[in-house]
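These notes concern the structure reproduced below.
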Amino acid sequence: MIPCTSKRALGVATGVVLLLAVAVLAQNDDRFWYGPTNGRLYGPNDWDQVSCDNVEVCEGWPDKWLGQTSPGWDLGQLGNECGRDLQGPLNLERQTGIPGNRFFECIDVHWMKYHDGACNWKDMVDNQESKYRNNFHIRRHALTVASPLGTDGVLDCPNGFGGHYPQLDYSKGYPDWWYLSHMDIKTPAEWLQDGIRYDGQINYAQFYERDYTTQDPNGPLKRDGTVVIFFKAYEDVLPDPFMDKMICQFRKTEDEVRENCGLPSVTTTYPGCWNYQRNGRRLRKTVNTTQAQPDMNHPWTSVNMTHAKLYNSGHPKDFDFDKFIEEQIAMGGGNGNWTLDHPWLDPKRHLVDYEHVPWHAYQFLVNVRTEYYFRVRTSQTVPPCQTGRDGNHYRVMKDPLRLHPRQVAEVERLLAERIAPVGTRNACNRDTAGVPMPGVKGGPAVRVARPTQRYTFHAKMTFCECKDWPSKWPEDREWCKIGETNDFGDFERYYERPYNYDNGEKLTINRAEMADPTRLG
């Protein structure tokens with residue numbers, strides 16, 4: 001039995017702890033969204049006001065690159081950078097790829113190789129070792145697929161074959177591979193291509209470390225980068241089966257959150273996905289509510305950068321990339337070219353939730369069927385708009401991924417109807433950073449895209465394409481033949497036939513403006 005004095009002391013101590021916790025949360029109460037500023041909910045024009053004293057608890061800085069055992073990776077090392085130079089996103093212009101212009105030449109000499117890493121599908125969606133059992137998360141500003149991390153920030157994939165991150169190879173200037181932190185899916189696209197805003201974009205957030213301690217007085221080289229793939233709705237294409245697989249898992253995440261909140265399943269259904277109806281039917285799989293809720297806003301586990309470096313080889317030496325691409329070409333499909341006889345769409349092989357479709361961390365890079373991209377460096381596009389030493393290194397693919405309208409509409413709905421998970425702010429209530437916008441099919445949709453920023457020359461924008469290296473994809477090689485016999489072939493290929501598929505779409509710029517660098521400010 002505890003004495004009364006001890007009880008009083010315990011009560012005082014408990015009260016102090018609670019007050020301290022409240023104080024910490026109050027200091028980190030700032031949040032961002034895409035509408036006008038309202039109190040401590042800051043709009044894009046005021047994102048430089050979003051503060052964060054403790055990245056483990058604040059929601060205002062959603063991507064937490066901590067790297068507990070690798071000094072120099074601390075997010076916000078330079079504070080909030082949203083009001084500084086080198087901001088993104090930008091309007092990307094193909095004229096920057098013309099040889100001899102006063103902009104930067106593309107220095108890349110080969111495609112971005114990519115390797116899937118150690119994690120299989122079970123590691124991604126039912127991982128009993130990582131901090132989050134389900135690594136699909138519906139965040140306030142994006143649908144996120146995270147690399148499964150333990151509480152120590154180390155990749156944890158017990159069902160796969162080791163601790164190897166998914167990784168890709170940037171050309172020129174980076175002899176080591178970049179590791180995948182997470183993938184975001186957003187609507188609409190933040191980046192523009194010659195004034196066009198696409199229906200959405202997929203971001204592969206990468207990190208890089210190389211030990212330059214003997215050469216660089218500032219210590220190891222540490223960088224972050226993002227590979228961006230646009231997507232757009234087209235009525236005349238079959239649904240991308242890998243996007244359907246992603247959508248089904250995000251719907252499962254949505255229903256887990258709603259079940260933990262005591263809310264009924266959503267009434268909308270989606271072809272091929274399990275129809276959750278908890279009013280009269282239990283979940284197909286047991287939901288373990290004792291583990292962390294499927295949300296990455298509060299908090300985000302640190303990526304242990306040093307561990308990633310030590311336990312990943314310089315590159316996957318045993319993987320035959322040429323054979324992999326040849327297999328993808330032989331199988332068919334890809335960017336809007338799916339047919340019902342493809343093994344992923346064959347009704348005889350179809351499983352619920354598209355479980356017959358294999359998991360590959362970079363499948364969208366495979367499906368877009370192009371190697372060519374814009375190369376540019378800017379800030380991250382969410383607070384604190386981190387730039388690091390020389391910006392976030394972006395590679396933005398030239399072609400949009402063609403999706404069926406129902407797929408884009410469902411991504412829009414998932415973002416618009418997000419429910420905050422148990423244990424987070426506004427728990428069990430509608431909570432999104434987006435502002436309402438018209439949906440592609442008239443359904444609920446929100447805009448989670450930062451407005452385009454002013455271009456500065458330090459962004460070093462350029463367009464890397466046929467002249468820089470030959471592509472392995474036949475679609476690219478056919479596109480590169482356009483205009484070969486014309487005196488103004490670049491114009492025809494860049495603007496009259498801008499994509500690997502020809503459906504009459506064009507990018508708008510006139511010939512007189514094409515070589516005028518002053519258009520970029």
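Worth saying up front: this structure is predicted, and the values here are computed from it rather than measured. Throughout, residue positions are numbered sequentially from 1 according to the sequence presented.
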Answer yes when [X] and [Y] have at least one side-chain N-carboxylate O distance shorter than 4.0 Å, and no when they do not.
{"X": "Asp126", "Y": "Lys252", "value": "no"}
{"X": "Asp322", "Y": "Lys472", "value": "yes"}
{"X": "Glu190", "Y": "Arg197", "value": "no"}
{"X": "Asp431", "Y": "Arg140", "value": "yes"}
{"X": "Lys172", "Y": "Asp108", "value": "no"}

Any idea how [X] and [Y] line up, ring-wise: parallel (<30°), tilted (30 to 60°), or perpendicular (>60°)?
{"X": "Tyr114", "Y": "Phe324", "value": "perpendicular"}
{"X": "His350", "Y": "His356", "value": "tilted"}
{"X": "Trp177", "Y": "Phe321", "value": "parallel"}

Item to check | Worked check of side chain to side chain donor-acceptor pair (under 3.5 Å) between Ser471 and Asp476 | outcome: CA-CA 6 Å; Ser471 173; Asp476 270 341; 2.8 Å; yes
Next on the checklist: Could you go through Arg413 and Glu410, starting from their C-alpha distance and side-chain angles, then the distance that decides it, and tell me whether this counts as salt bridge (charged side-chain N to carboxylate O under 4.0 Å, His left out)?
Outcome noted: CA-CA 5 Å; Arg413 185 198 67 79; Glu410 184 64 4; 2.8 Å; yes
Taking only residues two or more places apart in sequence or in another chain, which ones pass ring-ring contact (aromatic ring centres under 6.0 Å, His included) with [X]?
{"X": "Trp344", "answer": "Trp338, His342"}
{"X": "Phe230", "answer": "Tyr198"}
{"X": "Trp47", "answer": "Phe32, Tyr34"}

Next on the checklist: Nearest 0.5 angstrom please: Arg369 CZ to Asp399 CG, how far?
Outcome noted: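 Rounded to the nearest 0.5 Å, the CZ-CG separation comes out at 12.0 Å.
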Is it the case that the ring center of [Y] lies less than 6.0 angstrom away from the ring center of [X]?
{"X": "His404", "Y": "Tyr234", "result": "no"}
{"X": "Tyr394", "Y": "Tyr373", "result": "no"}
{"X": "Tyr174", "Y": "Tyr208", "result": "yes"}

Checklist entry - Within the distance-only criterion (no hydrogens, no angle test), does the side chain of Gln167 pair as donor or acceptor with the backbone N or O of Gly117 below 3.5 angstrom? => result no
Checklist entry - Which is it for Arg402 and Asp199 under the salt bridge (charged side-chain N to carboxylate O under 4.0 Å, His left out) test, yes or no, and what are the steps along the way? => result CA-CA 10 Å; Arg402 291 188 287 175; Asp199 291 328; over 6 Å; no
